[in-house]
There are 2 protein chains.
Amino acid sequence: MKKDEPMSICPCAITIAMLSSKWKILILRELLKGTCRYRDLRERVFGVSQKMLTQSLKELEADGLVSRRIYPEVPPRVEYSLTDDGNSLRPVIQVLDDWGAHYVAEKDPDYVATRFNLDAPKNNWMKIPYNESL
Amino acid sequence: MKKDEPMSICPCAITIAMLSSKWKILILRELLKGTCRYRDLRERVFGVSQKMLTQSLKELEADGLVSRRIYPEVPPRVEYSLTDDGNSLRPVIQVLDDWGAHYVAEKDPDYVATRFNLDAPKNNWMKIPYNESL
DNA sequence: CGGCATCCCCTGAGATACTG
DNA sequence: CAGTATCTCAGGGGATGCCG
């Protein structure tokens, strides 16, 4: 790869960059099921802090994947849902899910456990309800 | 999500976690084309430092996606290639690539540029040869 | 209810120098 | 050629407290 060659941007790197902050995929996964209030996401995306949830939602909104609707009520109500672009991620997330499921199924469970700190009692990341399919 | 409910691990989060270190997807993308020497990867994965390349390859090998073959020669020769598991990522990366390409195509180029620091002269990340398809 | 503002810590990653 | 070994630093992300 010469330095003076014209370059372009790797599309798969773009996608990974957009999805790779710690909680985003779990948030998107939840929103794939349908519109959701902020507090619902806090409950369902197990382990996410309020700061990270807010921050992730903001970025997802800036990226055009999520839309935010505020109802002028007291107490306030805010609903999050996927945009068309967000929904277009469904097959992507599905493929990621399938590959991951196949990977863990064939791997040494101990390796997977240590690799992702599943043992640590404090670790809530990656957790989803048992037997929940995408 | 109750605290006492049995939990399982989100497969798509696993996949994202495995691919989301800064250079991995570009390395894998390169290895999808075929076996490669260390120095070839250094040239072709534009902008990767020698430390990050070594480190990423190590992790990919530990994850069982990449295999490393050393030839007992002087000077040494080391070739990297994808394992079967690594190759099974091809459709995954293809989907990521398609989605990313579609995303940037429809987005405001200025937004994309600022979002990913494409303007910064020092930024080499994400760069691939012009007109190179997956 | 749905956030912001702070403080703080740890790790991912860059830069540089050295080795079998 | 294909790596190690250090040092360094920015910023991702946790914890806590306050606000409209």
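Note that the coordinates shown come from a computational prediction; the quantities given were computed from them, not determined experimentally. Letters A, B, ... are given to chains in the order of the sequence lines, protein chains preceding strands, and every chain is numbered from 1.
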Open item on the list: If the cut-off is 4.0 Å, is B/Lys58 near the phosphate of D/dA2, judged by side-chain N/O to OP1 or OP2?
Closed with: no

- [ ] Looking only at side-chain atoms of A/Pro75, point me to the closest of C/dC4, C/dC1, D/dG14.
- [x] C/dC1

Open item on the list: What contact category does A/Tyr80 fall into here, base, sugar-phosphate, or nothing, at under 4.0 angstrom with non-hydrogen atoms?
Closed with: sugar-phosphate

TODO: Could you tell me the separation between the CG atom of B/Asn117 and the P atom of C/dA13, rounded to a whole number of Å?
DONE: 15 Å

Task: Nearest-Å distance for atom pair CG/P, residues A/Leu57 and C/dC4 - done: 10 Å

TODO: For A/Met126 and D/dG13, give me the distance from atom CE to atom P, rounded to whole Å.
DONE: 13 Å

Open item on the list: Nearest whole Å is fine: how far is C/dA13 P from B/Leu53 CG?
Closed with: 13 Å

Task: Nearest-Å distance for atom pair NZ/C1', residues A/Lys122 and C/dC9 - done: 13 Å

- [ ] State whether B/Arg39 places a side-chain N or O below 4.0 Å from either non-bridging phosphate oxygen (OP1 or OP2) of D/dC1.
- [x] yes

Task: Quiz item: B/Gln50 side-chain donor-acceptor pair to D/dT4 base, under 3.5 Å - done: yes

TODO: Please determine, for the side chain of A/Val78, which listed nucleotide (D/dG13, C/dA13, C/dG2) has the closest atom?
DONE: C/dG2

Task: Between P of C/dT11 and NZ of A/Lys22, the distance in whole Å - done: 11 Å

- [ ] Kindly say if A/Arg37 contacts the phosphate of C/dG2, meaning a side-chain N or O under 4.0 Å from OP1 or OP2.
- [x] yes

- [ ] Examine distances only and state if a side-chain atom of B/Tyr80 and a backbone atom of B/Leu41 form a donor-acceptor pair shorter than 3.5 Å.
- [x] no

Open item on the list: Please determine whether any donor N or O and acceptor N or O are separated by less than 3.5 Å between the side chain of B/Lys51 and the base of D/dA5.
Closed with: no

- [ ] For B/Arg68 and D/dG3, give me the distance from atom CZ to atom C1', rounded to whole Å.
- [x] 8 Å

Task: B/Asp119 atom CG, neighbour heavy-atom count above 12 within 6.0 Å - done: yes

Open item on the list: Please check this pair: side chain of A/Thr83 against backbone of A/Gly64, looking for a donor-acceptor N/O pair closer than 3.5 Å.
Closed with: yes

Open item on the list: Without decimals, in angstroms, what is the distance between B/Met52 CE and C/dT11 C1'?
Closed with: 11 Å

- [ ] Look at the side chain of B/Pro76 and decide which nucleotide, out of D/dA2, D/dG3, D/dG13, has an atom nearest to it.
- [x] D/dA2

Task: B/Trp23 vs C/dG14: side-chain N/O to OP1/OP2 distance below 4.0 Å - done: yes

Task: Results of side chain to side chain contact (heavy atoms under 4.5 Å, CB included) for A/Lys107 - residues two or more places apart only - done: A/Tyr103, A/Val112, B/Asp85

Open item on the list: Using a heavy-atom cut-off of 4.0 Å across all strands, would you classify A/Arg42 as base, sugar-phosphate, or nothing?
Closed with: nothing

TODO: Write down the atom of B/Met52, the atom of B/Val48, and the distance for their closest heavy-atom approach.
DONE: CB-CG2, 4.1 Å

